[in-house]
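To start, the structure under review is shown below, and the notes come after it.
Below, chain A is the first sequence line, B the second, and so on; all start at residue 1.
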Number of protein chains: 2
Amino acid sequence: MTSEPLLTSDASAAEKRPRKSDGDRLSKLARHKHIVAQLTAAPTLRASEIAAALGVSGETIRRDLVELQEQKLINRTYGGASRPFALEPALTDRKTLMIAEREAIAAAIADLVLPNEVLMLAAGATTFHIARRLASRARDITVITHDYAIAGALAVNSSIRVLCCPGRYHPTEGYVFGTQTIANINSYEANRAIVSATGISARGANDADDEAGAIYGAMVKRAAEAILVADHSKFDQRALTVFAHWTDIDRLVTDRQPEGALATALREAGTEVIIAQP
Amino acid sequence: MTSEPLLTSDASAAEKRPRKSDGDRLSKLARHKHIVAQLTAAPTLRASEIAAALGVSGETIRRDLVELQEQKLINRTYGGASRPFALEPALTDRKTLMIAEREAIAAAIADLVLPNEVLMLAAGATTFHIARRLASRARDITVITHDYAIAGALAVNSSIRVLCCPGRYHPTEGYVFGTQTIANINSYEANRAIVSATGISARGANDADDEAGAIYGAMVKRAAEAILVADHSKFDQRALTVFAHWTDIDRLVTDRQPEGALATALREAGTEVIIAQP
DNA sequence: CTAATTATGTGGCAAGTCCCTCAAATGTTG
DNA sequence: CAACATTTGAGGGACTTGCCACATAATTAG
């Protein structure tokens, strides 16, 4: 058992004489990384707070902020820093690419959902748009998700019950994953699962992250109806792990008619293709 | 097929029009809209610049910012405003009150934590500060939490493993709660639980939310050592549910010496009191 | 119409921030 | 070891911000 309070001693005792054995002090690079990282969790920071947290002087932090601003890694404010556009929580590509297509897909999905349904909604760029759309349209539904951005987006509608999965938190993606997540998903029954993918091919839907793929696969198997959303940029893309074959997918919602082997595979598996017009 | 849009909560219908021939200056509402609109284009604004641009005094803009912040339409910074952060509910309140006290408490907690420990960290204003502090100080620890702001703050440190609890997502507070959350907490063993409270009194620690209290109580019972954090504004406050008695709490970390019945109860229960100096 | 309420500006004061310079500590190189 | 560059902290002065009390203008209510 540990019982060494060491109570105050934070920034008062060993401050005057920094010695080389003071392992607590961070290097400049470490401070910079820390500041940038903190900005993914908080919208703004104050220089004085950073200085207190890192145990360095405000002047040092201010100099750090100048450098970070020159590198466009932060946005300076009077008294601190704020997040630059680029570092919005993992929404970088989501906001810039295929917005119209994804919005159209999201609208089509929202039309499918009926009151009192139970949905599983996986992490992803398009599914985040779906969550926003559902938040403004849907009523009295239950959504099971492992993505916290989606949970937050849905929660603005108080008639939506949002159930979050347990698991290990993925720092850059903002969702949980792992065996606990899978087990939790398997404990539910849902009307529909809505999942995205890194790519879709004749073999089925694939993802670049095996942990994410495992979650998508579990959702697909667990729901009465499995819906895959993918804009046309995903056509014939192949990534690490194939998490579902077309026979497991009931509907594909996309923005353009598939062709070639992909179209053949969809037809043979009996997957309904819904084209959402932007 | 259900087409029930009807729920567009965009709230731009009612345009209040004060019967006045406003030819010279903008109304308060117009200023507010201007500020919010500007924030969609720029990440941050400075109050002094807004004041100059709109031809009003800085004090007026500052009052505007206070109102807009209360409506969660902006995020205040020192000297101005930044874009609102929908994913992090109620973060603004946490940053404004008792900062020095909470930072001191957070620093004291960070000194207690050793590498390779397993912590349970509950939702709360002070515990959020603790998470930020741990993210910059701690190494190789595992943290179990039900609060997503805390998860995000911790995740910036890649040596911290963050495990999130399942449960129902609380829209305004940003944490999960419910029977799933409790069951998940009970499935772990932890070295320490760090919980906050709405208030502390001679009877013990209480919370205004019974669901949150149930989680705090479960964490306290589950960990080898239970630590309660509470600044002095919590002294002798009483709220809905008492979730832990002092005999269950091993340490109280606060910023001021308790007095009267509270001090007596702490002494009789053998709870160690750690005073963190701001 | 007058009175009450609200909105806005002004001035003062404490605190915070910025930027500059200088000095000490640290790291690097020959 | 010595010389040099880099990093950091401290101090001071100028400026900015936040907050308060109070006065004034504008709007609403009676």
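The aromatic ring centres of A/Tyr169 and A/Phe177 sit 6.0 Å or more apart.
Separating the CG atom of A/Asp64 from the C1' atom of C/dC19 is a distance of 16 Å, rounded to the nearest angstrom. C/dT6 atom C1' lies 13 Å from atom NE2 of B/His32, rounded to whole Å. Rounded to an integer number of Å, the gap from B/Leu65 CG to D/dT16 P is 18 Å. Distance CD (A/Glu59) to P (D/dA10): 11 Å, rounded to an integer number of Å.
One finds a side-chain N or O of B/Ser48 lying less than 4.0 angstrom from the OP1 or OP2 phosphate oxygen of D/dT17. For D/dT17, the OP1/OP2 oxygens have a side-chain nitrogen or oxygen of B/Arg46 closer than 4.0 Å. Contact annotation: B/Arg31 side-chain N/O to C/dA7 OP1/OP2 distance is not under 4.0 Å. The phosphate of C/dG9 (OP1 or OP2) has no side-chain N or O of B/Arg63 nearer than 4.0 angstrom.
Nearest heavy-atom pair across B/Asn206 and B/Ser201 is ND2-OG, 4.3 Å.
Nearer the 5' end of DNA chain C, as judged by each residue's closest nucleotide, is the contact made by B/Gly58, out of B/Gly58 and A/Val66.
Atom CZ of A/Arg76 sits in a crowded spot, with more than 12 heavy atoms from other residues, nucleotides or ligands closer than 6.0 Å.
Candidate nucleotides D/dG9, C/dG9, D/dC19 were compared by shortest atom distance to the side chain of A/Thr60, and D/dG9 ranks first. Checked against D/dC15, D/dG18, D/dG9, the side chain of B/Arg62 finds its nearest nucleotide in D/dG18. Closest to the A/Val56 side chain, of the nucleotides D/dT17, C/dT17, D/dG9, is D/dG9. You'll find that the side chain of A/Lys28 is closest to D/dT7, out of D/dT7, C/dT17, D/dG9.
Here the rule is side-chain contact (heavy atoms from CB on, under 4.5 Å) with B/Leu228, and of B/Leu252, B/Thr126, B/Val220 only B/Leu252 fits it.
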